[in-house]
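In the text below, chain A, chain B and the rest are named by the order of the sequence lines, each starting its count at 1.
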Amino acid sequence: MTVRLRYAPSPTGDPHVGNIRSALWAWAFARHEGGVFYLRIEDTDQTRLVPGSIERIEASLRWLGLDWDEGPDVGGPYGPYVQSQRLDGYREATGRLLASDNAYRCFCTPADLEAMREAQRAAKQPPGYDGRCRLIPAAEAEARAAAGESFVVRFAMPREGTTTFTDLLRGEITYENRLLDDFVILKSDGFPTYHLAHAVDDHLMATTHVTRGDEWLPSAPRHVRLFEALGHPVPIYVHTPVILGPDGGKLSKRHGAKSVLEYAEDGYLPDALFNFLSILGWSPDGATEILSRQQVVDAFDIKDLVVHPAVFDTQKLEWMNGVYMRAMAEDELSEVFARELERALPADVVRPLDRALVAAITPLVRERVKLLPEVTALVDFLFASDVAAPPRDQLLGKAYRNRADAAPAAIDAAVAALDALEAWDAAAIEECLRAVAAQTGEKPGDLFMLCRLAVTGKNVTPPLFESMELVGRDASLDRLGRAAEVLRAAAG
RNA sequence: GGCGCAUUCGUCUAGUGGCCCAGGACACCGCCCUCUCAAGGCGGAGAUCGCGGGUUCGAAUCCCGCAUGCGCUACCA
């Protein structure tokens, strides 16, 4: 039998990482088994719809590389894939449940229910619907409904005994029926609740494995009873754990990005997020952590999922993002850098950027950035028409603090030597500056830092000689000269 | 309150009765490399396997209690 799994989000906003991780696992399992992964939109709560959500959901999946075989956009043999377009099925199921006395109409108003709960609270009784409308004779209920009275349909849970089901990860779980009340399956607006929609659709759409967040565990026995009352086989349940914030609480915007699309906007690589999410709660062998999509698919087994919550470790994600940046093909990464720089560089830098220049930069910075946005601060001096010399104190640094006169002198020597250079390339510049250091008695490192500050304006940069090559001879000498001026002016 | 699920280094995890006085990864610390910063290499520190009882020759691994955390207890999903 070929497996069929689904991702069934509500269109109430952007999918967050916890939610999408479940989707990723369902996808990986379906692909591993050569089965089907489909997308179904659960829009049965008309009051919570957020326009554009479906597109954002699809964009999130696509960005992560999770392709679906059936869905609202591509259709499929079990469509439609949007629950608001499947109302007939829920009506049909409700009719059958009503006819078999597995369900009944409830005419209680919200006020009635509130009063009931109030009384239960006062009497220290466990809250829950008391089943009063179950006593209404079917004919009377029918008549009241026909007369236009507003009602919901509730499932008639068995009052005694227990309900047992199997969660693939946790084994058998048993609930006492008397603790489960008669829950609503059809709302007064004619839409089903999640419970009914789940039982109807996951059967009609031939879902073999139901993966969902473990907040659904307590309602699983209701679903099992629903399936049975409908005469449908119960699917295999896989309840997945939540993702927590670094403080052990719920993951929220406070902890950084939360939705998948935010990570995309922040410049994370989709391969990195995919990899990171795949192993947050799953491990192929206890050692391997860097895995391609294909490797995840090959190694994945849904039975191997961990059952406890996991803290989202942003630092590890960043590390992994760096791993993927370094592993990327250079020309591809170069284009990524180019686009990021075009986004982040000051407005006066002309676009499009010189791709040859970015290509030359790429190997210099790829090992120095973990996150895309870090690239700009590292190389902006290569694009700025003017780089101001740092203030005197910074130029002197620790090395020249107590011998301030030596600094401008060293720069002068460097300028003279560089000016006389025939070829302007990194190797020649290095050779030249090392010679200057030797002649002047400066420590190479001290001289290089001085030049770095003068030419780039900062003390953390890509390698100096390559940087100077890219800055060019004229600009390099100019900046060196102005740094010397700063040192002399301040001194005088 | 009731019901349920969970509990291995700071974090993510490996581990399914002896190979574990617990392995890997991120983070952290040190050394090496080195023009800065990274990357890389090597090494270190870090977990009485939540606690208490049992079962067993032997338990992180099986059983029972307890504690803690989280979830559910809607005409939301």
Side-chain angles (χ1 to χ4, degrees), chain A residues 8-10 12 42-45 47-48 106 108-110 113-114 117 121 124-129 150-154 167 169-170 173-176 179-181 183-195 197-198 212-221 239 241-242 244 246 248-250 276 279-290 306-320 322-323 325-326 364-370 374 378 397 430 433-434 437 443-453 456 458-467:
Chain A
S10 293
T12 54
E42 309 220 323
D43 58 345
T44 55
D45 185 351
T47 65
R48 297 202 314 156
C106 169
C108 294
T109 65
L113 297 174
E114 187 42 50
R117 275 191 279 266
R121 255 196 303 277
K124 298 217 188 304
Q125 302 278 315
Y129 185 67
S150 178
F151 66 91
V152 300
V153 176
R154 288 180 184 272
D167 177 274
L169 305 177
R170 297 157 223 262
I173 300 173
T174 298
Y175 283 81
E176 288 193 55
L179 268 11
L180 301 167
D181 67 355
F183 55 99
V184 174
I185 58 175
L186 196 73
K187 298 182 266 188
S188 55
D189 64 359
F191 279 76
T193 58
Y194 170 86
H195 309 296
H198 154 55
R212 54 166 36 165
D214 62 11
E215 69 270 19
W216 288 109
L217 220 32
S219 35
H239 291 94
V242 295
L244 305 173
K250 233 187 176 135
F276 179 75
I279 64 165
L280 189 68
W282 173 74
S283 170
D285 55 16
T288 313
E289 299 204 304
I290 299 298
V306 124
V307 289
H308 51 266
V311 171
F312 193 94
D313 185 354
T314 305
Q315 275 188 318
K316 186 156 184 174
L317 204 214
E318 288 180 7
W319 162 77
M320 194 171 276
V323 169
M325 281 218 192
R326 277 172 254 130
L364 304 182
V365 298
R366 69 181 311 165
E367 288 180 352
R368 278 163 243 269
V369 295
K370 290 198 297 255
E374 293 170 357
L378 215 44
E430 173 164 13
L433 287 179
R434 286 193 187 280
K443 281 196 241 172
D446 293 346
L447 176 66
F448 297 162
M449 183 52 84
L450 196 53
C451 292
R452 181 191 315 282
L453 282 160
T456 71
K458 53 187 84 189
N459 48 21
V460 175
T461 71
L464 177 63
F465 315 118
E466 285 81 354
S467 296

[X] [atom1] - [N] [atom2] separation (whole Å):
X        : N     : atom1 : atom2 : answer
A/Arg170 : B/U16 : CZ    : C1'   : 18 Å
A/Phe312 : B/G10 : CZ    : C1'   : 17 Å
A/Glu289 : B/C26 : CD    : P     : 7 Å
A/Arg121 : B/G2  : CZ    : C1'   : 15 Å
A/Trp282 : B/U13 : CH2   : P     : 13 Å
A/Ile290 : B/U13 : CD1   : P     : 16 Å

Please list, for nucleotides 18-20 of chain B, all pairs of protein and nucleotide N/O atoms separated by less than 3.5 Å.
none

Let me spell it out: for each of A/Glu176 and A/Gln315, pick the nucleotide of RNA chain B with the closest heavy atom. Which residue's pick is nearer the 5' end?
A/Glu176
The reported gap from CD1 in A/Ile290 to CZ in A/Phe276 (rounded to nearest 0.5 angstrom) is 11.0 Å
In this structure, OH of A/Tyr175 is separated from CG of A/Leu217 (nearest 0.5 Å) by 4.5 Å
Residues in ring-ring contact (aromatic ring centres under 6.0 Å, His included) contact with A/Trp319, at least two apart in sequence or another chain:
none
Under the ring-ring contact (aromatic ring centres under 6.0 Å, His included) test, which residues partner A/Tyr194, sequence neighbours left out?
A/His198, A/Trp216, A/His223
Results of side chain to side chain contact (heavy atoms under 4.5 Å, CB included) for [X] - residues two or more places apart only:
X        : answer
A/Ser467 : A/Phe381, A/Pro462
A/Glu466 : A/Leu364, A/Ala426, A/Pro463
A/Val307 : A/Leu169, A/Arg170
A/Glu367 : A/Arg326

Taking atom [atom1] in both [N] and [M], compute the distance separating them and give it to the nearest angstrom.
N     : M     : atom1 : result
B/G65 : B/G24 : C1'   : 34 Å
B/C3  : B/A60 : P     : 32 Å
B/C66 : B/G4  : P     : 12 Å
B/C63 : B/C29 : C1'   : 43 Å
B/A67 : B/A38 : P     : 49 Å
B/G15 : B/C42 : C1'   : 27 Å
B/U56 : B/U68 : P     : 32 Å
B/A77 : B/C51 : P     : 42 Å

Which nucleotide sits closest to the side chain of A/Ser283: B/C12, B/A14, B/C3?
B/A14
Scoring nucleotides 32-46 of chain B by protein non-hydrogen atoms under 4.0 Å (B base, S sugar-phosphate only, - none) yields ---BBBBSS------
Can you build the contact string for nucleotides 71-76 of chain B? Use B for base contact, S for sugar-phosphate-only contact, and - for no protein heavy atom under 4.0 Å.
BSS-BB
Mind checking what makes salt bridge (charged side-chain N to carboxylate O under 4.0 Å, His left out) contact with A/Arg368, not counting sequence neighbours?
none
Could you list, one pair per line, each protein nitrogen or oxygen that sits under 3.5 Å from a nitrogen or oxygen of nucleotides 62-64 of chain B, together with the distance?
none

Between A/Lys187 (side chain) and A/Thr44 (backbone), is there a donor-acceptor pair under 3.5 Å?
yes
Do the non-hydrogen side-chain atoms of A/Tyr129 and A/Val184 ever get within less than 4.5 Å of each other?
no
Counting Watson-Crick and G-U wobble pairs only, both distances under 3.5 Å, name the nucleotide matched with B/G30, or none.
B/C42
For A/Arg117, the side-chain hydrogen bond (donor to acceptor under 3.5 Å, both in side chains) test, sequence neighbours excluded, returns none
Remember a base hit wins even if backbone is also touched, and classify A/Ile279 as base, sugar-phosphate or nothing at under 4.0 Å, heavy atoms.
sugar-phosphate
